[in-house]
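Okay, so here's the structure we're looking at.
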Amino acid sequence: TYDALGLDPWLEHVVAADRVRLMAAIRDHLSGATPRLAIDYRLQTARGAIQWIRCTGQCERDEFDNPIRLAGTHRDVSIDHEKNDSAHRAGASKGKPSRTVELICDALENGGVVPFFQPIVRLKDRKLQGLEALVRLHDKDRGIIAPREFLATAERSDLIVSLGDRVLELALRGLASARSAGKLEDDAFVSVNISSRQLLEGDLPSRIAAALQRESLPPSCLQLELTETVLISNLAFAKKTLNALRRAGIRIALDDFGAGYSSLNYLQELPIDVLKVDRRFVRQVDRNKARIAILQTIASLAEALNIPLIAEGVETETEAKTLRELGVTYAQGYLFAKPAPLSVQIALLNEADDAPSRVVQL
Ligand code: C2E
Ligand code: CA
Ligand code: CA
């Protein structure tokens with residue numbers, strides 16, 4: 001097929017490490033698994049320089065549905081990455097990946113993706129329900145780097161897909177080893193953020209099923225958080241993928257509820273099992289009448305739909321108390337614990353049996 005598309009000679013110039021990824025993306029796209037092809041890869045130019053290229057597009061088919069042409073645009077991506085990237089401001093030469101792209105690729109290649117974990121607790125008794133995996137990158141010079149520095153860049157390219165896969169894999173591996181060491185109860189789950197771009201990758205359900213199987217974990221121990229940082233471009237396709245995931249026994253949480261692009265529409269259109277109410281409605285809820293009213297409404301909405309509600313970003317005892325009074329069942333926030341590496345978090349949780357609201361300082 002690659003030959004039929006006239007891709008073979010061109011593929012030769014693709015850097016070996018990216019060729020497999022690129023071919024897999026084209027194959028998925030041709031099989032109809034992904035509606036749109038979008039991938040970043042590196043190309044070796046005749047002068048030996050490496051250039052970052054983004055390929056986006058669609059494959060055209062003839063009347064017998066054979067792929068005939070890859071109607072893609074291939075262009076240099078370094079220009080539109082991270083507007084505020086200083087390397088770019090300084091006039092990085094064309095063809096050089098932005099520093100952020102390099103940071104992400106380095107981390108992916110060298111084991112530098114290190115998810116932190118934050119407990120989700122039941123407010124009533126602060127019992128641990130699950131742990132949210134929050135991606136961090138480790139850089140040998142700069143140490144731990146938070147998502148605000150690299151997530152937007154990852155979202156704009158297909159790097160979010162590799163990054164998301166890695167976080168999922170590490171989160172499941174961590175959960176499996178904690179469970180088998182008897183350090184977490186069997187009903188504790190991990191909650192992994194997925195971006196809408198991952199949802200549009202057609203084989204997400206099978207990749208997740210394989211990841212669960214590798215760790216011999218049941219699907220019930222996985223929750224996926226649909227983050228709304230990017231508007232879902234193809235709602236029908238996202239819905240199909242989410243339905244498949246849910247049929248496989250995986251729970252879907254709608255993240256940042258109330259703060260995103262179209263929370264209510266997503267709630268109406270997509271199969272949602274859990275709501276996570278955004279921190280901006282939780283912060284100082286005890287002192288703000290409008291926030292109380294909003295939270296009360298969201299709590300009764302969740303109750304009417306029979307969907308559990310998790311409040312994010314709970315920092316004080318009075319916030320926790322107000323939330324309970326408003327009918328919120330679960331919570332997450334610095335009051336209970338800050339995100340930390342799994343081993344640290346578990347040590348704290350086990351120690352916290354007698355000191356339930358210890359906060360980890362990072
Ligand atoms: P989020 O999913 O809403 O995650 C909650 C964020 O709030 C986390 O920031 C967490 O560290 C922070 N947080 C938790 N409790 C408190 C609190 O009590 N007070 C305050 N001020 N903040 C609190 P973080 O780890 O920097 O992550 C930021 C965002 O990056 C996440 O927001 C999520 O949208 C995204 N993200 C993180 N990991 C991943 C990932 O693996 N994949 C994808 N696609 N997105 C991710
Ligand atoms: Ca989240
Ligand atoms: Ca959130």
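What you are looking at is a predicted structure, and each value in this text was computed from that prediction instead of being measured. What you see below is based on every heavy atom in this structure, not just the backbone, and it leaves out hydrogens, waters and symmetry mates. Note that ligands are numbered from 1 as they come in the structure, with each ligand's atoms numbered from 1 the same way.
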Legend entry - Nearest to the Ca ion (ligand 3) - the N/O/S atom of Asp255, by atom name: OD1
Closest by any non-hydrogen atom to [atom]: pick that one out of [options].
| atom | options | result |
| --- | --- | --- |
| atom 1 (P) of ligand 1 | Val135, Asp255, Asp165 | Asp255 |
| atom 24 (P) of ligand 1 | Ala133, Pro147, Pro115 | Pro147 |
| atom 15 (N) of ligand 1 | Gln332, Arg148, Gln118, Glu315 | Gln118 |

Legend entry - Angle subtended at the Ca ion (ligand 3) by OD1 of Asp256 and OE1 of Glu312, nearest 10°: 100°
Does any non-hydrogen side-chain atom of [Y] lie less than 4.5 Å from one of [X]?
| X | Y | answer |
| --- | --- | --- |
| Asn193 | Val167 | no |
| Asp28 | Asp203 | yes |
| Val135 | Phe150 | yes |

Checking contacts here: is it the side chain or the backbone of [X] that comes within 4.0 Å of ligand 1, counting heavy atoms only? Could be both or neither.
| X | answer |
| --- | --- |
| Leu151 | side chain |
| Asp278 | neither |
| Val167 | side chain |

Quick one: does [X] get within less than 4.0 Å of ligand 1, heavy atoms only?
| X | answer |
| --- | --- |
| Glu312 | yes |
| Arg136 | yes |
| Pro339 | yes |
| Glu132 | yes |

Between [X] and [Y], is there a donor-acceptor pair closer than 3.5 Å when you use the side chain of the first and the backbone of the second?
| X | Y | value |
| --- | --- | --- |
| Asn110 | Asp106 | yes |
| Glu319 | Glu315 | yes |
| Arg291 | Phe281 | no |

Between [X] and [Y], does any side-chain donor sit less than 3.5 Å from a side-chain acceptor?
| X | Y | result |
| --- | --- | --- |
| Glu312 | Gln332 | no |
| Ser191 | Gln223 | yes |
| Asp286 | Thr322 | no |

Legend entry - N, O or S from Asp278 under 3.0 Å to the Ca ion (ligand 3): no
Inset, instruction - Name whichever N, O or S atom of Glu225 ends up nearest to the Ca ion (ligand 2). - result: OE1
Legend entry - Metal proximity, Asn193 vs the Ca ion (ligand 2), N/O/S cut-off 3.0 Å: yes
Legend entry - Presence of N, O or S from Glu132 under 3.0 Å of the Ca ion (ligand 2): yes
Using a 4.0 Å cut-off to any heavy atom of [X], which atoms of ligand 1 qualify?
| X | value |
| --- | --- |
| Arg279 | 19 (N), 20 (C), 21 (N), 22 (N) |
| Asp256 | 3 (O) |
| Ser195 | 44 (N) |

Inset, instruction - For Val192 and Leu222, work out which heavy atoms get closest and say how close. - result: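 Heavy atoms of Val192 and Leu222 come nearest at CG2-CD1, 3.9 Å.
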Inset, instruction - Return the minimal non-hydrogen interatomic distance between Gln345 and Ala340, and the atom names on each side. - result: NE2-N, 3.5 Å
Inset, instruction - Please determine if Arg21 forms a cation-pi arrangement with Tyr41, meaning its NZ or CZ atom is less than 6.0 Å from the six-membered ring centre and no more than 45° off the ring axis. - result: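 That pair does not qualify as a cation-pi contact.
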Legend entry - Distance-only N or O hit between ligand 1 and Asn193, under 3.5 Å: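 There is such a contact, yes.
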